[in-house]
Amino acid sequence: MSNPLDDLNVDPFDIAAQAAKIIADKSGVEQHDIALTLGSGWAKAADLIGETIATISADELPGFRASKVVGHVSTIRSIALPNGKHALVLGARTHYYEGHGVRPVVHGVRTAAAAGAKIMILTNGAGGIKTSWAPGTPVLISDHINFTATSPIEGANFVDLTDLYALRLRDIARSVDASLDEGVYMQFRGPHYETPAEVQMAKAVGAHLVGMSTALEAIAARQSGMEVLGLSLATNLAAGISDSPLSHVEVLAAGKEAEPRISALLAQIVAKL
Ligand code: 8IG
């Protein structure tokens with residue numbers, strides 16, 4: 001299936017603007033305030049944060065690719081929050097490991113920015129390096145290490161990434177749950193999990209969480225002028241940190257178990273933004 005983003009003569013921001021226009025038309029919401037990407041374990045939050053105004057299938061929007069990963073839903077929802085604000089929930093994350101390049105990976109974020117969102121909430125399931133994080137522990141992302149060897153930014157645009165994961169937003173999250181720990185997220189290409197040696201490398205360079213998303217999206221969000229809040233669900237201890245091997249089925253099960261708890265937490269945070 002062809003995607004307009006595959007044509008390198010096309011400006012990805014134009015496609016994002018087209019998608020945002022369709023979202024505005026279908027939802028009747030001219031400007032969204034907040035956008036959320038809900039990764040493994042976080043999807044239930046969409047039902048808790050407010051009233052769904054419109055549900056749009058990803059294949060109705062230019063530039064979006066239908067996800068093929070079990071447990072990932074490909075819809076975009078416009079939600080009215082109790083405080084009068086509007087949230088856009090992106091259920092259609094494209095991962096870098098899918099092999100379509102970086103443009104589709106950040107298209108949701110760029111569409112959210114074009115739809116007016118000033119705050120981008122990025123959530124994911126991740127492997128934890130800290131042994132104190134039992135499977136199912138939510139963790140605030142304080143910073144990231146982009147280990148993908150690529151960037152969503154095209155051309156000589158030297159975007160500052162200081163305070164990328166805004167302290168202001170982390171403080172709001174902690175005002176909801178003071179026990180929230182934080183850590184540095186390291187994005188690997190995947191789709192394989194790390195070797196134990198790679199996890200030791202990640203630990204040595206200052207990472208606390210390993211995953212396959214979020215960092216590229218956060219960079220694109222900052223390029224578009226958004227404030228970023230990042231939340232990981234540590235669904236498993238990273239390879240070699242515990243004795244047992246990693247299984248995608250077990251990772252999904254840990255996400256499901258934690259889902260009601262962390263989705264309620266996220267809904268409470270969204271209510272305060
Ligand atoms: I859930 O241990 C989940 N996603 N790279 N490593 C990486 N991604 C993950 C992991 C993990 N767990």
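Whatever order the structure lists them in is the order used to number ligands and atoms, beginning at 1. The shown structure was predicted, so the numbers you read here are calculated from the model rather than taken from an experiment.
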Exercise for review: Please lay out, stage by stage, how Asp47 and Lys44 fare under the test salt bridge (Lys or Arg N to Asp or Glu O under 4.0 Å).
Suggested key: CA-CA 6 Å; Asp47 298 324; Lys44 284 276 180 296; 5.2 Å; no
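- Taking the side chain as every heavy atom from C-beta outward, Ser78 and Thr52 never approach each other to under 4.5 Å.
- A salt bridge does not link Arg103 to Asp6: none of the charged nitrogens lies less than 4.0 Å from a carboxylate oxygen.
- Thr148 and Thr150 share no donor-acceptor pair across their side chains, judged by distance under 3.5 Å alone.
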Enumerate the pairs of nitrogen or oxygen atoms, one from ligand 1 and one from the protein, separated by less than 3.5 angstrom; state names and distance to 0.1 Å.
unit_1, atom_1, unit_2, atom_2, d
ligand 1, 2 (O), Asn236, ND2, 3.0
ligand 1, 4 (N), Gly125, O, 3.4
ligand 1, 5 (N), Glu194, OE1, 3.4
ligand 1, 5 (N), Glu194, OE2, 2.5
ligand 1, 6 (N), Glu194, OE1, 2.8
ligand 1, 12 (N), Gly127, N, 3.4
ligand 1, 12 (N), Asn236, OD1, 2.7

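- Every residue two or more places apart in sequence or in another chain that forms a side-chain contact (heavy atoms from CB on, under 4.5 Å) with Thr123 is listed here: Leu38, Trp42, Ile121, Leu231, Leu266.
- Checked for salt-bridge contact, Glu227 and Arg222 miss the test: no charged N lies under 4.0 Å from a carboxylate O.
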